[in-house]
Amino acid sequence: MTQIRVRFAPSPTGYLHVGGARTALFNWLFARQQGGRFILRIEDTDLQRSSDEMVEGILQGMEWLGLDYDEGPFYQSDYVEQHRQAARQLLESGWAYRDFTPKEERSDAAVKQQVAEAARQQGVPPAYWPFRDLPRAESDARAANGEPHVIRFKVPQEGRTSFIDSVFGQQDRECRELEDLVLLRSDGHPLYNLCVVVDDINMGITHVVRGQDHLMNTHKQILIYQALGKPVPQFAHLPLILAPSKEKLSKRKHGEIVSVTAYRDRGFIPEAFLNFLALLGWAPDSGVYRDREIFSRAELIELFSLDRIHKSNAVFNFNEGDLRNWTDQKALWMNGEYIKAMPIDELMPLVKTELERAGIWQPAFETERSDEVRQTIGLLRDRYRSLTDFATLGRPYLVDGLDFEWEESAVAKNLRKDPVLKTLLPELATRFALLEQFDHESTESALRSFAEEKGVKAGLLINGARTALTGQAVGPGMFEVLVAIGQRRTIERLNHAASLI
RNA sequence: GACCCGUUCGUCUAGCGGUCAGGACAUCGCCCUUUCACGGCGGUAACACGGGUUCGAUUCCCGUACGGGUCGCCA
């Protein structure tokens, strides 16, 4: 059996978005599982809309997700000569013809629509392709004379194209429903459908796994394969990923919130995002894993199969305006699961990057204070869903002094609620200052006996202290927090809190 | 509009003729915590509709509705 070769072929007209990433992932999983080759090809034939910046964005996205390719990146624009050569070959063999219709006459969309519709109803393209049967000699002569023309593929008027899609099953289409597509523009520029076929042939692609929006193109492409006398690869079309509005996800409409780099920048763990993406439109064999959601990269490779991709589109929820739930909540949850469960040694570097970005990383975190910081991160990660949380919500735990924000609602709820705290908190600080051991037990008994002495509920002090120490109303168990913040900072912040009341 | 495709809880999904229609996220309630967005337990919630086929349809067939995709000298 020949080796499986698949490719991911994005056009660099935008960054890598969620849909593209999933296509890349499925190709990659398939290749890895089958021991095949995964090829990256940048479809940049439309030079006007392509840019190096976008290519860079795609490359970065792939790298971040760990979707390594075995060959490439190839650039489609490097193969223009081969595309033209193929067009010439098609012209020679009679599978294509020159169309001398002036560009302007074709560009009127309304006219075009009208004619195309009439053509379909008639069943046969009438005078719409006036040059389709132009004698070769005349065609050559006019071309030699420099008359502008495009090269069109001569779609057979009879018959149909068929293929079996790995996802959608049997697909048939009457040839007469297909238009004579342009292969070469009048400026000699090759067009998409020709380019993909030529490149896929040259690169020995055995399986084409791409979005369902290409389902119609596939029929045209099959015709080109046949005209070129080449074997047709196996196709697998993926269902689309929809925006919350249920329309196709698009970079233009939905913005950077659907770009892979946004997920990186907003604190996703690549493994978690990969896991989430894999489960969008695909599920492992339920006989094995019916009630599981978390799968490692290795497990995904092992379990993946094209025939378990399903046909219906999936909605991907995001809401840029919502700070807490800016993207699909399940994705966020899953990220939290990874943050919680991954080995702390793997988490630390990721957190470090985040803290550096926020300007709160200190070299000592890796030396003298290494154990302490690891412990703090270990404490915090149980309730965080994103790496950025360590730099925002985690900030009070990591910075010295008072260099963080006190949330107004927390202050109102836990500090200002009872004015007696204004005197109690500094007194508690004094009490803590006397402790020789500053651990869970000693701080707890100190606080509780202090509360008893003063005749107040321990909860009042616990709540007050939480906000005094972290500016927040929520967090890990209070005595864990005390230990994490440490004696010195605890005293300082308790005293300072009095001024907030 | 034409041609394709799809339709199981709000969302992601399991299901491939007989299930109390399962899981996850979200949501709600309870417990734990004299704090909490941790944790534990539990609940609400779905087979789009109408016809067939069948002893029996979420599962098979046909319509309808709704949703989506494609109809470039873009990719």
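Predicted model, so just to flag it, every value in this text is computed and none were measured. The sequence lines fix the lettering, A, B, ..., with proteins before strands; numbering per chain opens at 1.
Across B:C38, B:C5, B:A75, the shortest atom-to-atom separation from the side chain of A:L191 is found for B:A75. In this structure, the nucleotide among B:G15, B:U70, B:U13 sitting nearest to the side chain of A:D213 is B:U70. Here the side chain of A:S11 is nearest to one of B:U11, B:A75, B:C73, namely B:A75. Of the candidates B:C36, B:U34, B:C73, B:C36 carries the atom nearest the A:K413 side chain, counting heavy atoms from C-beta on. The nucleotide whose nearest atom lies closest to any side-chain atom of A:M216 is, among B:U7, B:C4, B:C36, B:C4.
Residues satisfying the side-chain contact (heavy atoms from CB on, under 4.5 Å) criterion with A:L274, sequence neighbours excluded, are A:L25, A:L65, A:L67, A:R297. A:Y289 meets the ring pair (Phe, Tyr, Trp, His ring centres under 6.0 Å) test with A:F295; sequence neighbours excluded. Here A:Y192 pairs with A:H214 under the ring pair (Phe, Tyr, Trp, His ring centres under 6.0 Å) rule; sequence neighbours left out. With sequence neighbours left out, the ring pair (Phe, Tyr, Trp, His ring centres under 6.0 Å) criterion links A:F74 to no other residue. In this structure A:D200 satisfies the salt bridge (charged side-chain N to carboxylate O under 4.0 Å, His left out) test together with A:R7, A:R41, sequence neighbours excluded. Scanning for side-chain contact (heavy atoms from CB on, under 4.5 Å) contacts around A:S386 gives A:N335, A:T388, A:D389, with sequence neighbours left out. Residues satisfying the ring pair (Phe, Tyr, Trp, His ring centres under 6.0 Å) criterion with A:F450, sequence neighbours excluded, are absent altogether.
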All N/O pairs under 3.5 Å across the protein-nucleotides 66-68 of chain B interface:
residue, atom, partner, partner atom, Å
B:G68, O2', A:N313, ND2, 3.1

Output a table of nitrogen or oxygen pairs between the protein and nucleotides 24-31 of chain B separated by less than 3.5 Å.
residue, atom, partner, partner atom, Å
B:A24, O4', A:E293, OE2, 3.0
B:A24, N3, A:K330, NZ, 3.0
B:C25, OP1, A:W333, NE1, 3.4
B:C25, O2', A:Q329, O, 3.4
B:C25, O2', A:K330, N, 3.2
B:A26, O4', A:Q329, OE1, 3.2

Tabulate atom names and distances for all N/O pairs under 3.5 angstrom spanning the protein and nucleotides 40-45 of chain B.
none

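Between A:F390 and A:Y384, the ring-plane angle classifies as perpendicular under the 30° and 60° cut-offs.
Map A:R173 and A:V474 each onto its nearest nucleotide of RNA chain B; the residue landing nearer the 5' end is A:R173.
Here A:R210 does not reach the OP1 or OP2 of B:A75: none of its side-chain N or O atoms lies under 4.0 Å away.
A:V150 comes within 4.0 angstrom of a nucleotide base, judged by non-hydrogen atoms across all strands.
Near-neighbour residues of RNA chain B inside residues 270-282 of chain A, defined by a heavy atom below 4.0 Å, number-ordered: A:L279, A:L280, A:G281.
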Return a table of donor-acceptor pairs under 3.5 angstrom between the side chains of residues 17-24 of chain A and protein atoms on other chains or two or more places apart.
residue, atom, partner, partner atom, Å
A:H17, ND1, A:G19, N, 3.3
A:R22, NH1, A:L280, O, 2.7
A:R22, NH2, A:P239, O, 2.4
A:T23, OG1, A:G19, O, 3.1

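A salt bridge links A:E427 with A:K454: the distance from a Lys NZ or Arg NE/NH1/NH2 to an Asp or Glu carboxylate oxygen falls below 4.0 Å.
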